[in-house]
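One structure is given below, encoded as structure tokens.
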Amino acid sequence: MSSSIFNFEPLARAWRLPLNEKLRIALLAAVFAGIVHAGATLLPADRAEPNHRTAAVAALDDQTRVLVLGSSHVRSGVNPAWLSMPAMNLAVSSANYQVLDLVLDANLDRAPHVELALIELDIWLLLSDTLREYGRDLSLLYDMGVPSDRLAASAPQRAALAWRRLFHDGYAAPLVSRRKWTPAGLLAERNAAPVTPGFASSVRRIVPSGDGHRTLAYFQRKTEVSLDVQLRRNLAALERVIDTLHAHGCRVVLVRTPHHDSYWAHRDPAYDQAEAVALAALRERLGGRMPAVWDFSRLPGLDAGHFKDANHLNHAGAATFTAVLDAKITAMLDVTDSALVRAD
């Protein structure tokens, strides 16, 4: 007997079945197809539960003047609703610059009149392999409007993408959506929580002694594979992001977000060296197109009451940091046109 996986014997056996058995199988297949067709036709189209990512994408329009791109540091540290000019965060947890490149490409046309883009500058975005970190779950990127065919992924991710195209994005989506079978009352309860586009914060406070050692230990575990490869890829992606924004007519600034003292106390100097090398390489490649750098990494006036953990601000910290950022943005753009200032 052949051990090949390409064995057509089951099909041959099915072909040799009596006519009545073939008809029974055909009837079962027709019933299944009818159920799928009825579900796809009669059930309404699925809608994702609202969150700060989907709300951010939906809020982009021709009034948007400022974009802030980054990771969860931006998501928890900058509230675009508190900025003077119409602004929006395009922030994705654990993002690296390759992810920001995808997110910007998917959304920039939604905001045709953007004047300024702030891009987070952080060692995590330079060294991390975000798609590997996400595993099979690419829902964060779907939320940000990134088309599934733009994701160069691993074999398990490609399988997950194929499943999504077939069932979640395709004809049978209404039938298989878990939301369709969730009680309406439970959905209403989930959706009742307020959602701030582009911003999700916490009132939690860091422990008095800080937790920088845990943050850096986690970071080291997640970036210990192929550092040089990821650094090159992320640096090239950051250059693409900057060039895309310049071609769009935007000013660009690189921004370091605040981190707790315990983070700096435990950070390996090798990371400082890697970041310095990356910035030097970026300056050499961009020349006069190199953006300015706003460094708020050790922002004065912040203490333990402003941090959720060693590298994320809490709600109080976000209020302080957003106000500082707003003053810098206003000064840079010299806002005199009242039509550009947020009316609310």
Side-chain angles (χ1 to χ4, degrees), residues 52-53 56 66-83 87-97 99-100 103-104 116-128 130 196 198-206 210-212 214-216 218-219 222-223 234 238 241-242 245 252-267 271-272 274-276 278-279 282 291-330 332:
H52 66 90
R53 295 178 298 275
V66 178
L67 287 179
V68 188
L69 295 92
S71 67
S72 55
H73 304 148
V74 167
R75 177 209 70 206
S76 65
V78 180
N79 187 344
W82 296 339
L83 294 173
M88 189 45 57
N89 291 348
L90 294 177
V92 188
S93 294
S94 300
N96 61 10
Y97 291 116
V99 164
L100 294 189
V103 169
L104 181 67
L116 173 65
L118 308 181
I119 306 172
E120 180 185 356
L121 177 61
D122 191 87
I123 192 66
W124 169 269
L125 282 82
L126 284 167
L127 297 183
S128 61
T130 299
T196 302
F199 179 68
S201 186
S202 170
V203 297
R204 196 178 78 192
R205 299 175 63 168
I206 194 172
D211 60 2
R214 285 195 293 269
T215 298
L216 271 301
Y218 171 83
F219 178 71
K222 296 298 183 181
T223 60
N234 284 314
L238 176 56
V241 168
I242 293 170
L245 289 165
V252 180
V253 176
L254 302 178
V255 178
R256 290 190 175 102
T257 61
H259 287 48
H260 188 257
D261 288 345
S262 64
Y263 172 89
W264 300 111
H266 292 88
R267 174 160 148 153
Y271 291 140
D272 298 331
E275 189 173 306
L279 280 177
L282 191 65
V293 177
W294 292 350
D295 190 350
F296 302 107
S297 55
R298 303 173 191 257
L299 186 63
L302 297 182
D303 55 30
H306 294 92
F307 288 90
K308 181 184 80 170
D309 54 38
N311 60 337
H312 292 91
L313 293 167
N314 60 20
H315 198 272
T320 299
F321 180 46
T322 303
V324 171
L325 205 57
D326 189 45
K328 291 281 287 187
I329 292 171
T330 302
M332 182 178 193

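Taking the six-membered ring for Trp, His260 and Phe307 have ring centres closer than 6.0 Å. The ring of His259 has its center no closer than 6.0 angstrom to the ring center of Trp124.
The two residues Gly70 and Ala95 make their nearest non-hydrogen contact at O-CB, 4.0 Å. The heavy-atom pair separating Ala117 from Leu69 by the smallest distance is CB-CD1, 4.3 Å. Between Ser202 and Lys308 the shortest heavy-atom distance is CB-CD, 3.6 Å. Between Ala200 and His52, the shortest heavy-atom contact is CB-CD2, 3.7 Å. Of all the heavy atoms in Gly77 and Phe321, the pair that sits closest is O-CD2, 3.3 Å.
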Inset, instruction - Any chance you could lay out the side chain to side chain contact (heavy atoms under 4.5 Å, CB included) test for Leu245 and Ile242, step after step, and finish with the verdict? - result: CA-CA 5 Å; Leu245 289 165; Ile242 293 170; 5.9 Å; no
Inset, instruction - For Leu216 and Tyr271, run side chain to side chain contact (heavy atoms under 4.5 Å, CB included): C-alpha distance rounded to whole Å, both residues' side-chain angles, the deciding distance at 0.1 Å, then the answer. - result: CA-CA 10 Å; Leu216 271 301; Tyr271 291 140; 4.1 Å; yes
Inset, instruction - Give the intermediate values and the outcome of side chain to side chain contact (heavy atoms under 4.5 Å, CB included) for residues Arg204 and Asn314. - result: CA-CA 6 Å; Arg204 196 178 78 192; Asn314 60 20; 5.9 Å; no
Inset, instruction - Let me see the working for Leu299 and Val324 under side chain to side chain contact (heavy atoms under 4.5 Å, CB included), right down to the final yes or no. - result: CA-CA 9 Å; Leu299 186 63; Val324 171; 4.3 Å; yes
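Atom CG of Leu67 sits about 8.5 Å away from atom CG of Leu116, to the nearest 0.5 Å. Leu254 contributes atom CG, which lies 6.0 Å from atom CG of Leu238 (distance to the nearest 0.5 angstrom). Interatomic distance, Asp122 CG to Glu275 CD, rounded to the nearest 0.5 Å: 7.0 Å. Of the inter-residue distances, the one linking Thr215 atom OG1 with Ile206 atom CD1 reads 7.0 Å to the nearest 0.5 angstrom. Atom CG of Leu302 and atom CG of Asp261 lie 9.5 Å apart (nearest 0.5 Å). Atom CZ in Phe296 sits 12.0 Å away from atom CG in Leu121 (nearest 0.5 Å).
No side-chain heavy atom of Val255 sits under 4.5 Å from any side-chain heavy atom of Ile119. Residues Val252 and Val241 are not in side-chain contact: their nearest non-hydrogen atoms beyond the backbone lie 4.5 Å or more apart. With a 4.5 Å cut-off on side-chain heavy atoms, Leu313 and Pro258 count as touching. Val253 is not listed as a side-chain neighbour of Val293, based on a closest heavy-atom distance of 4.5 Å or more. Within the 4.5 Å cutoff, no side-chain heavy atoms of Leu100 are placed close to those of Leu104. A heavy-atom distance below 4.5 Å is found between the side chains of Trp294 and Lys328. Contact check for Val68 versus Glu120: no side-chain heavy atoms found under the 4.5 Å cut-off. Residues Ser71 and Leu125 are in side-chain contact: their nearest non-hydrogen atoms beyond the backbone lie under 4.5 Å apart.
Panel note: side chain Ser262, backbone Gly210; no donor-acceptor pair is recorded below 3.5 Å. The backbone N or O of Ser128 lies less than 3.5 Å from a partner atom in the side chain of Asn96, making a donor-acceptor pair. Using a distance-only test at 3.5 Å, with no hydrogens or angles considered, no donor-acceptor pair links the side chain of Asn311 to the main chain of His73.
In the model, His312 has a side-chain atom that pairs as donor or acceptor with a side-chain atom of Ser72 under 3.5 Å. For the residue pair Tyr263 and Arg267, a side-chain donor N or O sits within less than 3.5 Å of a side-chain acceptor on the partner.
Residues satisfying the side-chain hydrogen bond (donor to acceptor under 3.5 Å, both in side chains) criterion with Asn89, sequence neighbours excluded, are absent altogether.
Other residues, nucleotides and ligands contribute more than 12 heavy atoms inside 6.0 Å of the CZ atom of Arg256.
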